[in-house]
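Notes follow once the structure below has been shown.
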Number of protein chains: 2
Amino acid sequence: MSAVRGARARARIEVTAAIKEVARRQLAAEGAAKLSLRAVARELGMVSSALYRYFPSRDELLTALIIDAYDSLGEAAERAGGAVVGAGPVARWIAVCEAARGWALTHTHEYALIYGSPVPGYTAPQATVRAASRVGLVLIGVVRDARETSGLAELPLPAGLRPEAERMAADLAPDLPPEAALALVAAWAQLFGLIGFELFGQFKGVVEDRDAFFRHAATQLAHGVGLVGSHR
Amino acid sequence: MSAVRGARARARIEVTAAIKEVARRQLAAEGAAKLSLRAVARELGMVSSALYRYFPSRDELLTALIIDAYDSLGEAAERAGGAVVGAGPVARWIAVCEAARGWALTHTHEYALIYGSPVPGYTAPQATVRAASRVGLVLIGVVRDARETSGLAELPLPAGLRPEAERMAADLAPDLPPEAALALVAAWAQLFGLIGFELFGQFKGVVEDRDAFFRHAATQLAHGVGLVGSHR
DNA sequence: GTCTATAACGAGATAGAC
DNA sequence: GTCTATCTCGTTATAGAC
């Protein structure tokens with residue numbers, strides 16, 4: 001009985017994974033807007049109605065793909081942040097940024113899914129928020145650790161932004177000073193500006209040595225959030 | 001004869017404009033991936049084959065929309081940069097950034113078209129490059145002027161990046177020091193990271209006072225490219 | 001209980017004959 | 001330029017296999 005349940009559960013997991021894999025291929029070929037349950041079913045040798053046992057709607061399949069993408073990126077960032085605990089905070093920051101960029105370069109279409117144009121007619125449910133925040137949390141962690149070891153540089157905080165910055169800090173990192181939370185959110189967005197521009201072709205004809213360019217920009221971002229010290 | 005030609009030319013311009021306007025509405029409703037000449041024709045009461053007299057293919061229509069979007073954004077940035085010539089360089093920089101953000105907030109779908117995920121199966125032709133560079137040129141102009149008046153702060157230039165930075169400067173702004181060109185390209189990408197995150201919903205639940213937040217981030221970007229002085 | 005297959009719906013796109 | 005026949009799609013109801 002429980003063995004049967006186990007077998008069934010295993011089969012279910014496998015089919016679910018196969019569906020998502022094929023859907024990701026479709027994503028790459030046709031884009032998220034044209035992701036079609038029928039085409040996925042066809043490629044799997046199933047009938048479209050059978051997919052509804054696994055995903056109650058096309059939008060739920062999209063949501064699953066989005067969450068998977070955020071988690072995959074988040075895991076890459078977390079791994080990178082954990083692998084260099086011994087190094088200085090700037091080096092750790094750069095490692096996390098480079099992990100995010102590396103993931104994006106090897107998962108172009110999943111990146112487009114989560115950070116590119118919204119899919120028309122689809123609105124991301126609350127369920128995606130947790131996964132979406134993972135990279136940001138890693139960056140926060142780097143700054144938090146740096147504060148305890150090397151210390152943080154002084155950061156500006158315009159009077160008008162103090163309430164906003166304090167709310168941000170309360171929500172995201174209660175142990176950090178508000179100006180650090182503020183700078184972190186900005187750096188977080190700017191990081192993905194760099195990655196997106198490279199990925200989506202805006203650097204064509206402009207930036208040649210993209211590895212070195214990114215490393216330098218990431219270093220500047222690190223300084224922007226108050227990290228200090230050599231990046232070696 | 002020439003009057004007829006004039007009338008014909010005028011009609012052609014009007015129809016072309018109408019086609020693009022309807023196409024932009026489609027862009028908003030269905031996304032660029034699903035932009036269909038047939039649907040545009042239907043909405044105009046024309047037959048799809050008639051559209052081919054104006055745009056030889058769907059891709060050419062897309063290209064026209066992309067160039068229009070870049071030009072519209074570029075014009076907004078240029079106007080903003082020109083309107084505050086008297087002010088300090090930081091204020092000018094912020095004005096240009098805010099113009100870009102303002103345009104993006106009021107032209108969400110056109111923004112998605114040019115800075116969002118690439119349209120599957122479409123590759124932008126060389127013809128889009130000129131229009132795409134306009135915002136960047138305005139930012140370069142602000143730094144150029146600042147260099148002659150208030151001067152620029154010192155900027156870092158890692159040894160390994162010197163060749164890249166010199167090539168950038170040669171291509172984009174031969175009168176600027178290489179480290180300024182480097183910082184400008186990074187700031188340019190980061191600016192659109194901020195705008196894209198706000199537009200595409202990444203700031204939901206994170207940034208509340210978005211006007212003030214953006215102004216602060218833009219100020220930091222200004223400092224990042226070496227601009228100095230008050231932002232009043 | 002859990003799954004897959006058949007068939008159908010209403011809507012929309014598409015190709016080709018006329 | 002119009003019409004029609006044939007495709008696609010998401011989704012549901014239903015019936016039967018394991």
Side-chain angles (χ1 to χ4, degrees), chain A residues 1-68 109 112-113 117-125 127-128, chain B residues 8 11-12 14-16 18-20 22-62 65 109 113 117 119-122:
Chain A
M1 180 69 166
S2 81
V4 172
R5 230 206 304 267
R8 261 213 273 271
R10 217 169 18 252
R12 190 179 172 80
I13 288 171
E14 267 171 34
V15 175
T16 305
I19 291 172
K20 292 200 283 194
E21 199 189 307
V22 170
R24 269 188 286 269
R25 262 207 298 281
Q26 279 225 354
L27 219 58
E30 303 282 351
K34 286 193 181 163
L35 176 66
S36 135
L37 282 189
R38 286 188 113 108
V40 171
R42 208 179 311 134
E43 198 171 327
L44 282 167
M46 298 171 77
V47 102
S48 70
S49 59
L51 286 199
Y52 284 82
R53 288 271 150 199
Y54 300 88
F55 297 96
S57 72
R58 190 201 86 125
D59 281 9
E60 300 258 356
L61 173 55
L62 253 187
T63 299
L65 294 176
I66 289 173
I67 292 178
D68 278 8
H109 303 98
L113 180 64
S117 329
V119 183
Y122 171 86
T123 45
T128 59
Chain B
R8 263 213 271 273
R12 189 180 172 80
E14 268 172 33
V15 175
T16 306
I19 291 171
K20 292 201 283 193
V22 170
R24 269 189 287 267
R25 261 206 298 283
Q26 281 232 342
L27 218 61
E30 303 282 351
K34 285 191 182 166
L35 177 65
S36 127
L37 283 187
R38 282 184 111 97
V40 172
R42 200 181 321 134
E43 199 171 327
L44 282 167
M46 300 171 75
V47 107
S48 65
S49 58
L51 283 199
Y52 286 86
R53 300 197 137 273
Y54 298 89
F55 295 97
S57 72
R58 186 200 85 125
D59 282 9
E60 301 258 356
L61 173 55
L62 254 185
L65 294 175
H109 303 98
L113 179 66
S117 330
V119 182
Y122 171 86

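Chain identifiers are assigned alphabetically (A, B, ...) following the order of the sequence lines, protein sequences preceding nucleic acid strands; residue numbering begins at 1 within each chain. Here the structure is a predicted model, which means the values were calculated and not measured.
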Provide, to the nearest angstrom, the distance between the [atom1] atom belonging to [X] and the [atom2] atom belonging to [N].
X	N	atom1	atom2	result
A:Phe55	D:dT11	CZ	P	13 Å
A:Tyr54	D:dT11	OH	C1'	18 Å
A:Arg42	D:dT8	CZ	C1'	8 Å

Item to complete: Go through DNA chain C in 5' to 3' direction and return only the first and the last nucleotide with some atom under 4.0 Å of chain B's heavy atoms.
Response: C:dA13 to C:dA15
Discussion item. According to salt bridge (Lys or Arg N to Asp or Glu O under 4.0 Å), who are the partners of A:Arg53, at least two apart in sequence or on a separate chain?
Written reply: none
Worksheet item: Contact class for A:Leu35 (heavy atom, under 4.0 Å): base, sugar-phosphate, or nothing?
Response: sugar-phosphate
Discussion item. Check the phosphate of D:dG10 against A:Ser36, side-chain N and O only, distance under 4.0 Å to OP1 or OP2. Yes or no?
Written reply: yes
Worksheet entry | Side-chain N,O (A:Tyr52) to OP1/OP2 (D:dT12) below 4.0 Å | no
Worksheet item: Is B:Glu30 close to B:Leu35 at the side-chain level, that is, under 4.5 Å between some pair of heavy atoms?
Response: no
Discussion item. Ignoring hydrogens, what is the shortest heavy-atom contact between B:Ser36 and B:Gln26? Give both atom names and the distance.
Written reply: N-OE1, 3.5 Å
Discussion item. So if I take every side-chain heavy atom of A:Ser49 and compare against D:dT11, D:dC9, D:dT12, which nucleotide ends up nearest?
Written reply: D:dT12
Worksheet entry | First of A:Arg38 and A:Arg53 reached from the 5' end of DNA chain D, by closest nucleotide | A:Arg38
Item to complete: Apply side chain to side chain contact (heavy atoms under 4.5 Å, CB included) to B:Arg12 and B:Thr16, showing your working.
Response: CA-CA 6 Å; B:Arg12 189 180 172 80; B:Thr16 306; 4.2 Å; yes
Worksheet item: Under the side chain to side chain contact (heavy atoms under 4.5 Å, CB included) criterion, do A:Leu37 and A:Tyr52 qualify, and how do the steps go?
Response: CA-CA 9 Å; A:Leu37 282 189; A:Tyr52 284 82; 3.4 Å; yes
Fill in: Main-chain N/O of A:Ser117 paired with B:Ser117 side-chain donor or acceptor, under 3.5 Å
yes
